[in-house]
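Structure record follows, encoded as structure tokens.
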Amino acid sequence: NAPETLPDIPRIRAKLAVDKSAVSEGVHITKAGRRIPVEISTHVFELNGKPTRLSTVRDITERKEEEKALQERVKLAALEADVGTALTRGGTMTEMLRLCSEAIVGHLDASFVRIWTLNEREKMLELQASAGIYTHLNGPHGRVPVGKFKIGLIAEERKAHLTNQVVGDPRVADQEWARREGLVAFAGYPLLIEDRLVGVVAMFARQTLTEAILTALASIANNIALGIERKRAEAVLQQREEYFRVLTERATDVTTVLNADGTIRYESPSTEQVFGYKPGELVGRSCFDLIHPEDLARAQQALAELVATLGSTTRIELRFRHKEGSWRVLEATSRNLLDDPNVKGIVVNSRDNTERKGLEEALRESSQFNQQIVASAQEGIIVYGRDLRYQVWNPFMEQLSGIPACNVLGKHPDELFPFLRKTGGLASLGKALAGEPMSVIDFRYESLPNGKSGWSCDTNGPLRNAAGEIIGGIGIVRDI
């Protein structure tokens, strides 16, 4: 049979007139009705003095298939490059997946492409991107339970579903819709990290999908899964970094990293709150420049000993200069992490103990003051524990009783003064421990080691701590 078409006949005739030869392509219909691509070569020459044309027709089916395969490989290479770019650029996961779906639609002329990610807690596939004739993310396909419908089954089975006969595929429920849209092929792939599901990618097309396209889509699905995993890891890392950033900014402790020679390499944001220095202001300076001269030698020795032993820890209290010039009392715990590749330094955690030291000093002074009052009082002062054992026995009581405090403290009244039980003294102490108000009793004392006897007035009441709890009793004794 003759070729079905001879394209651009005027051009071919013009070329024959000049070059005496021309090559064109057409479609040949065989006797069996099969259409095959052909190449038609025509030459003009003289035969017996007359211009003669000789045309040959060659089947170029194989060449055309090779050209088509080459074009397809170029197209798939461009698709993989665009998907790779989308997966490695910044932005959110939703933006990344949108670019991937648009690249698949653009390069493969797909009708539409959708990508879901797995909500593992709810066992739900959540639509993150849709490109092509459908771009909305809401609707019935917005959330697909694992195991339901064709997308959910792909996720549950962790197997791709591929078909070039959408009309007739039992997993495509709406066959009328598929006919109306002219859909021919479907390819759906689970997005897996090893055997762990992270999502599903699926596409519909109006043309047959070749093996090369399906192989490329499988590779792209793997890359998208890795991209989703990376984005999730980045989100977790960002959340942790934000968590620790807030902790370090709001912490009252200061974290510093020193080189082995004491040079400050890092300081946490709380440095400004505690010492008044702006973030980074102390970086590059020696920590010894900021330590009180009286504490300097101790600090230098402590650092030298710490540097000498990898992994060792030391604790020191010293004075550190505030930006305003005052001295702050620091309690610093340091650890040698010079061998840790992530740190390569001395990590110092410092706490400002200036206020606590001031309170301790005030408490010590107050305690000394109270002890002086007790010691110089011209009346007996006795403190009992809840077990009624003596805790305080002041000098007046030593003089009155003739018994030194060292022989009294820790003992029970029954061991030293049996007469207190008869005179009601022990009963008065019991009332004090029960929380009753001060009780006053007069009683006669006798048979003391110093031989004295006489009358005393004993006032007993409960002794309470700062929380108001009774922790013992206190007695005031007057010699009457």
Side-chain angles (χ1 to χ4, degrees), residues 251-253 274 315 317 328-331 333 351-450 452-480:
T252 56
D253 288 3
V274 178
R315 188 174 180 179
E317 188 173 85
R328 311 297 293 177
V329 179
L330 287 190
E331 180 185 309
T333 302
R351 175 171 297 176
D352 185 357
N353 281 346
T354 306
E355 185 175 347
R356 182 176 66 82
K357 293 295 287 187
L359 291 174
E360 288 178 353
E361 184 63 26
L363 183 61
R364 184 166 52 251
E365 292 178 357
S366 175
S367 177
Q368 292 174 351
F369 177 72
N370 290 336
Q371 289 174 5
Q372 291 174 4
I373 291 177
V374 171
S376 60
Q378 295 304 303
E379 55 188 10
I381 298 178
I382 306 172
V383 175
Y384 308 85
R386 286 200 62 84
D387 57 0
L388 288 182
R389 295 188 180 277
Y390 293 105
Q391 294 181 352
V392 173
W393 187 261
N394 76 333
F396 182 90
M397 289 303 301
E398 290 182 321
Q399 181 182 357
L400 178 66
S401 66
I403 307 174
C406 61
N407 293 338
V408 175
L409 299 182
K411 294 184 177 180
H412 193 278
D414 278 338
E415 299 178 57
L416 301 173
F417 310 110
F419 61 83
L420 290 177
R421 189 172 290 278
K422 297 178 181 179
T423 59
L426 282 182
S428 174
L429 289 174
K431 293 179 180 179
L433 293 179
E436 293 187 16
M438 289 282 188
S439 61
V440 181
I441 61 171
D442 295 340
F443 62 87
R444 179 175 176 79
Y445 60 86
E446 56 188 8
S447 302
L448 296 178
N450 59 6
K452 291 183 65 174
S453 61
W455 285 86
S456 69
C457 175
D458 192 0
T459 304
N460 295 310
L463 179 64
R464 301 177 185 271
N465 61 14
E469 301 168 335
I470 298 174
I471 59 174
I474 185 168
I476 307 296
V477 180
R478 296 183 180 87
D479 186 1
I480 56 173

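All values reported here derive from a predicted model rather than from experimental measurement.
- For the ring pair (Phe, Tyr, Trp, His ring centres under 6.0 Å) test, residues two or more places apart in sequence or in another chain that qualify with Tyr390 are Tyr384, Trp393.
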Q | Full working for side chain to side chain contact (heavy atoms under 4.5 Å, CB included) between Asp414 and Leu388 | A | CA-CA 10 Å; Asp414 278 338; Leu388 288 182; over 6 Å; no
**Q.** Worked check of side chain to side chain contact (heavy atoms under 4.5 Å, CB included) between Asn460 and Lys431
**A.** CA-CA 9 Å; Asn460 295 310; Lys431 293 179 180 179; over 6 Å; no
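- Residues Asp352 and Thr354 have side chains that bring a donor and an acceptor to within less than 3.5 angstrom of each other.
- Here the NE2-CG distance, from His412 to Leu426, works out to 6.0 Å after rounding to the nearest 0.5 Å.
- Contact annotation: the side chain of Met397 approaches that of Val477 to within less than 4.5 Å [non-hydrogen atoms, C-beta and beyond].
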Q. Please walk me through it: do Arg386 and Glu469 pass salt bridge (charged side-chain N to carboxylate O under 4.0 Å, His left out)?
A. CA-CA 11 Å; Arg386 286 200 62 84; Glu469 301 168 335; over 6 Å; no
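- Here the side chains of Leu463 and Ile470 are not in contact, with every heavy-atom distance at 4.5 Å or above.
- Note that CD1 of Ile474 is 9.5 Å distant from CD1 of Ile382, once rounded to the nearest 0.5 Å.
- Within a 6.0 Å radius of CD in Gln399, other residues, nucleotides and ligands contribute 12 heavy atoms or fewer.
- Here CD of Glu398 is found 9.0 Å from CG of Asn407. Values are rounded to the nearest 0.5 Å.
- Closest of all the heavy-atom pairs between Pro462 and Ala432 is CB-O, 3.1 Å.
- Between atom CG of residue Leu429 and atom CG of residue Asp458 there is a gap of 7.0 Å, rounded to the nearest 0.5 Å.
- In this structure, Lys411 NZ and Leu416 CG are separated by 5.5 Å, a value rounded to the nearest 0.5 Å.
- At a threshold of 4.5 Å between non-hydrogen side-chain atoms, the residues Arg328 and Val274 do not count as touching.
- Under 4.0 Å is where a charged nitrogen must lie from a carboxylate oxygen, and between Arg478 and Glu379 at least one such pair does.
- Annotation: side chain to side chain contact (heavy atoms under 4.5 Å, CB included) contacts of Gln391 (sequence neighbours excluded): Val383.
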